[in-house]
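Working notes, beginning with the structure itself.
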Amino acid sequence: MIVVALSGRAAAGKDSFAAGLLTAAAELGKVGVTISFAETLKRVTCDIWGVDSEYMRSYEGKALLRPRLVLLGCFVREIDPNAWVDAVVRKIQALRAADLVVIPDLRFMNEASRLFVALPNADVRIVRISASVRARSLRMGETRFNDYVETGLSTDPSESQMDVLDVGFPRSSPMYAEDVRIIRDGVPLVTNDGTLAELAEQAKSHACRLLSADGRPTSSARKALQSAFWNLAHGLGPEARLLL
């Protein structure tokens with residue numbers, strides 16, 4: 001089984017890329033499913049505030065509930081930083097007939113590290129999806145993008161933690177430079193400033209490589225990525241306290 005976790009900011013194209021991977025896998029005769037970290041969090045949020053999933057997906061619902069999702073998600077992470085990823089791991093372990101599992105909402109370094117550790121028999125891959133601010137703002141629309149910025153969500157760790165891979169570690173110490181290099185070298189970066197059709201083509205190309213036996217990373221490469229993600233998680237402020 002191949003497990004692909006996608007990382008990227010809001011409106012970078014993670015869900016569209018995930019859909020493209022599943023479509024390409026189906027064309028190759030493979031069975032693919034999507035499982036997100038947010039599934040359990042959203043279900044709990046709906047139960048607590050008495051709303052349904054359709055409302056959760058609406059603009060009004062997102063505007064009202066997104067801050068609560070973030071707060072609830074962070075509160076649970078303070079109790080157990082691996083709670084949400086372990087919920088996904090249990091769902092993956094219960095699968096009986098999937099060739100490809102796509103997780104479209106990887107947000108934290110420790111989530112990536114945990115996937116490698118908790119799924120030793122799966123071929124775990126991480127893919128980063130990047131898009132310019134202009135492209136993302138156009139996709140979100142002016143009102144939603146302004147809300148995204150003004151509410152502080154754009155700088156929340158759930159959105160910004162992976163940015164360290166692009167802008168450098170936010171401390172003067174160079175001790176994590178090698179970890180950043182390992183992840184940059186070992187994790188594909190998909191740039192999505194174009195059309196959905198162009199993104200679909202990139203997804204198809206990645207699916208062919210991911211599902212190819214030649215694309216399987218070595219055990220040493222897997223271990224190096226797991227260690228690098230762990231080290232960065234351990235060095236990123238609150239994560240250092242949570243992961244001790």
Side-chain angles (χ1 to χ4, degrees), residues 1-42 53 57 84-85 87-109 111-116 118-132 135-136 139-140 158-159 162 165-166 183-218 221-222 225-226 229:
M1 177 190 294
I2 298 173
V3 177
V4 182
L6 307 179
S7 170
R9 280 182 166 264
K14 300 185 297 297
D15 288 335
S16 297
F17 192 81
L21 287 177
L22 294 181
T23 297
E27 292 174 352
L28 294 170
K30 304 295 184 179
V31 177
V33 298
T34 300
I35 301 175
S36 73
F37 290 128
E39 283 178 9
T40 303
L41 173 59
K42 288 180 178 178
S53 57
R57 286 191 289 268
W84 303 117
V85 64
V88 165
V89 166
R90 288 191 293 272
K91 292 176 183 178
I92 293 173
Q93 290 172 334
L95 293 173
R96 292 292 179 266
D99 301 299
L100 174 66
V101 177
V102 182
I103 304 171
D105 56 349
L106 179 74
R107 298 184 182 279
F108 296 100
M109 300 289 182
E111 291 175 341
S113 178
R114 185 68 165 180
L115 287 174
F116 285 110
L119 296 170
N121 297 320
D123 182 3
V124 176
R125 315 284 186 93
I126 313 295
V127 177
R128 297 167 59 212
I129 314 294
S130 175
S132 66
R136 293 189 299 111
R139 291 168 192 156
M140 295 171 75
S158 64
E159 279 288 288
M162 290 289 181
L165 300 174
D166 299 310
I183 296 173
R184 283 177 174 171
D185 290 348
V187 173
L189 177 63
V190 174
T191 301
N192 177 31
D193 285 337
T195 65
L196 280 174
E198 291 171 337
L199 184 63
E201 281 300 312
Q202 292 193 76
K204 183 175 182 178
S205 176
H206 270 76
C208 291
R209 288 199 295 272
L210 290 169
L211 295 168
S212 167
D214 294 336
R216 182 181 292 271
T218 63
R222 175 190 174 111
L225 277 175
Q226 185 274 322
F229 276 115

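For the numbers below, each heavy atom of this structure counts, side chains included, while hydrogens, waters and symmetry mates do not.
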Exercise for review: Would you give the length of the straight line joining atom CG of Leu210 to atom CG of Asp123, rounded to the nearest 0.5 angstrom?
Suggested key: 8.0 Å

**Study point:** Distance, nearest 0.5 Å, that separates OG1 of Thr40 from CH2 of Trp84
**Key:**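 Those atoms lie 6.5 Å apart.
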
So, [X] side chain and [Y] main chain: donor-acceptor pair closer than 3.5 Å or not?
X	Y	value
Lys14	Gly8	yes
Arg128	Ile126	no
Arg125	Ala5	no
Gln226	Arg114	no
Asn192	Ala12	yes

Review point. Among all residues two or more places apart in sequence or in another chain, which pass the side chain to side chain contact (heavy atoms under 4.5 Å, CB included) test with Arg222?
Key: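 Arg222 satisfies side chain to side chain contact (heavy atoms under 4.5 Å, CB included) with Phe116, Val124 once adjacent residues are dropped.
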
Within the 4.5 Å heavy-atom criterion, are [X] and [Y] side-chain neighbours or not?
X	Y	answer
Gln202	Thr191	no
Ile92	Val3	yes
Phe17	Val127	yes
Met162	Arg107	no
Leu119	Val89	yes

If you take all heavy atoms of [X] and [Y], which pair is closest and at what distance?
X	Y	answer
Leu196	Ser16	CD2-OG, 3.6 Å
Leu106	Ala112	CD1-N, 3.6 Å
Arg96	Ala94	NH1-O, 3.2 Å
His206	Pro188	NE2-CB, 3.7 Å

**Study point:** Val187 vs Phe229, side-chain contact (heavy atoms from CB on, under 4.5 Å): CA-CA, chis, key distance, verdict
**Key:** CA-CA 11 Å; Val187 173; Phe229 276 115; 4.2 Å; yes

Review point. Step by step, would you call Val101 with Met1 a side-chain contact (heavy atoms from CB on, under 4.5 Å)?
Key: CA-CA 8 Å; Val101 177; Met1 177 190 294; 3.7 Å; yes

Review point. Under 3.5 Å, is there a donor-acceptor pair linking the side chains of Ser132 and Arg136?
Key: no

Practice item. List the steps, then state whether side-chain contact (heavy atoms from CB on, under 4.5 Å) holds for Asp99 with Ile2. Key: CA-CA 6 Å; Asp99 301 299; Ile2 298 173; over 6 Å; no

Could you go through residues 24-39 and list every donor-acceptor pair under 3.5 Å that involves a side-chain atom there, pairing it with any protein atom two or more places apart or in another chain?
unit_1	atom_1	unit_2	atom_2	d
Ser36	OG	Glu39	N	3.2
Glu39	OE1	Lys91	NZ	3.0
Glu39	OE2	Ser36	N	3.3

Check your understanding: Is there any salt bridge (charged side-chain N to carboxylate O under 4.0 Å, His left out) pair reaching into residues 187-202, and which pairs are they, with sequence neighbours excluded?
Key -> none

Point to revise | CA sep, side-chain torsions, deciding dist, call: Asp105, Asp15, side-chain contact (heavy atoms from CB on, under 4.5 Å) | key: CA-CA 8 Å; Asp105 56 349; Asp15 288 335; over 6 Å; no

Practice item. Give a yes or no on this: more than 12 heavy atoms of other residues, nucleotides or ligands lie within 6.0 Å of atom CG of Leu189. Key: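 Result for CG/Leu189: enclosed.
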
